[in-house]
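Single-structure report; data block below.
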Amino acid sequence: MNDVIVARALHVLFVVIWIGGVAMVTTVVLPALRCGDLGQDRLKAFEAIERRFAWQARTAIILVGLTGFYMCWRLDLWDRFRDASFWWMHAMLCLWLLFVLVLFVAEPLVLHRRFPGWAKAQPTIAFAWLQRGHWLLLTLSLVTVLGAVAGSQGWSMF
Ligand code: HEM
């Protein structure tokens, strides 16, 4: 079972890198950016930070997915997806799919093409929406982490 222990340790390690980064961007970077602490060109500052973090997040998401599916396969946990008491397994999968969509589809197609124009025309509104979106993703992530740690130790809400 050493392989499952390694997979679990890597799973949590990359969750920490990924969700920790989301928390940092949401609670530190975006507020500083919005009030002009990172310079008057908010778009340039945002793109410089986002460009660097996006690759970390993408790599971490791929590794979280690989280790998560590996554990499901090795321990044959697929039946859990038919049982509502394992809601935290559904939460992990849905959150993962949501971030895959955001980072691999929406970001290159929407954020890079449309956001710069919007941020130049209406910077206050554009950055306020960006921060709201990050708060939503962070809240879902934290609920998932709490549910997964408690759930994998046997806690059940139902
Ligand atoms: C493809 C998506 C994912 C799959 C298939 C998956 C699968 C798994 C599996 C099988 C476990 C072990 C459960 C057990 O021991 O009973 C686990 C644990 C865990 N997962 Fe995921 N996961 C995924 C995504 C995520 C995401 C997105 C997060 C966080 C936001 C996350 C956070 C955790 C945490 C915190 C644990 C508990 C580790 C522990 O306390 O030992 N997982 N995951």
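Counting starts at 1 for both ligands and their atoms, in listed order. Side chains included, hydrogens not; waters and symmetry mates left out as well; all remaining heavy atoms used.
- Remark: minimum distance from atom 35 (C) of ligand 1 to any protein heavy atom is reached at Val149 CG2, 3.6 Å.
- Both tests do not hold together for Arg132 against Trp135: distance to the six-membered ring centre under 6.0 Å, angle to the ring axis within 45°.
- Listed by number with element, the atoms of ligand 1 under 4.0 angstrom from any heavy atom of Leu77 are 10 (C).
- Ligand 1 has no atom lying under 4.0 Å from any heavy atom of Tyr70.
- Every pair passing salt bridge (charged side-chain N to carboxylate O under 4.0 Å, His left out) that includes a residue from residues 69-87 is listed here, sequence neighbours excluded: Asp3-Arg74, Asp79-Arg82.
- Shortest contact from atom 30 (C) of ligand 1 to any protein heavy atom: Leu95 CD2, 3.4 Å.
- For the side chain to side chain contact (heavy atoms under 4.5 Å, CB included) with Glu50, the qualifying choice from Val25, Val29, Leu111 is Leu111, the only one to do so.
- A heavy-atom separation below 4.0 Å is not found between Phe99 and ligand 1.
- Distances under 2.8 Å from atom 21 (Fe) of ligand 1 pick out the protein N/O/S atoms His11 NE2, Met92 SD.
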message = Go through it in stages, so that I can follow the logic: the residues are Thr26 and His134, the test is side-chain hydrogen bond (donor to acceptor under 3.5 Å, both in side chains), and I'd like the CA-CA distance, side-chain angles, deciding distance and then a yes or no.
response = CA-CA 6 Å; Thr26 308; His134 277 78; 5.4 Å; no
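- A donor-acceptor contact shorter than 3.5 Å is absent between the side chain of His90 and the backbone of Ala84.
- Counting the atoms of ligand 1 from 1 in the order shown, those under 4.0 Å from a heavy atom of Trp18 are 27 (C).
- Ranking the protein heavy atoms by distance from atom 40 (O) of ligand 1 puts Ser152 OG, 3.4 Å first.
- Regarding atom 15 (O) of ligand 1, its nearest protein heavy-atom neighbour is Arg8 NH2, 2.4 Å.
- Considering only non-hydrogen protein atoms, atom 16 (O) of ligand 1 sits nearest to Arg80 NH1, 2.9 Å.
- Annotation: Phe115 is in aromatic contact with Phe127 [ring centroid separation under 6.0 Å].
- The residues Glu47 and Arg42 are annotated as not salt-bridged, no charged nitrogen and carboxylate oxygen being separated by less than 4.0 angstrom.
- The closest side-chain heavy-atom distance from Met92 to Val64 is not below 4.5 Å.
- Per-residue contacts place Val145 under 4.0 angstrom from the following atoms of ligand 1 (heavy atoms of the residue considered): 29 (C), 30 (C).
- Between Phe69 and Trp78, the ring-plane angle classifies as parallel under the 30° and 60° cut-offs.
- For the pair Pro123 and Leu43, the minimum side-chain heavy-atom distance is 4.5 Å or more.
- Between Trp88 and Ser152 the shortest side-chain heavy-atom distance falls below 4.5 Å.
- Within ligand 1, the atoms closer than 4.0 Å to a non-hydrogen atom of Val12 are 38 (C), numbered from 1 in the order shown.
- Residue contacts with ligand 1, taken as heavy atom pairs separated by less than 4.0 Å, do not involve Phe14 at all.
- Cluster membership check: Leu10 does not share its hydrophobic cluster with Val16, using side-chain heavy-atom separations under 4.5 Å among Ile, Leu, Val, Met, Phe, Trp and Tyr.
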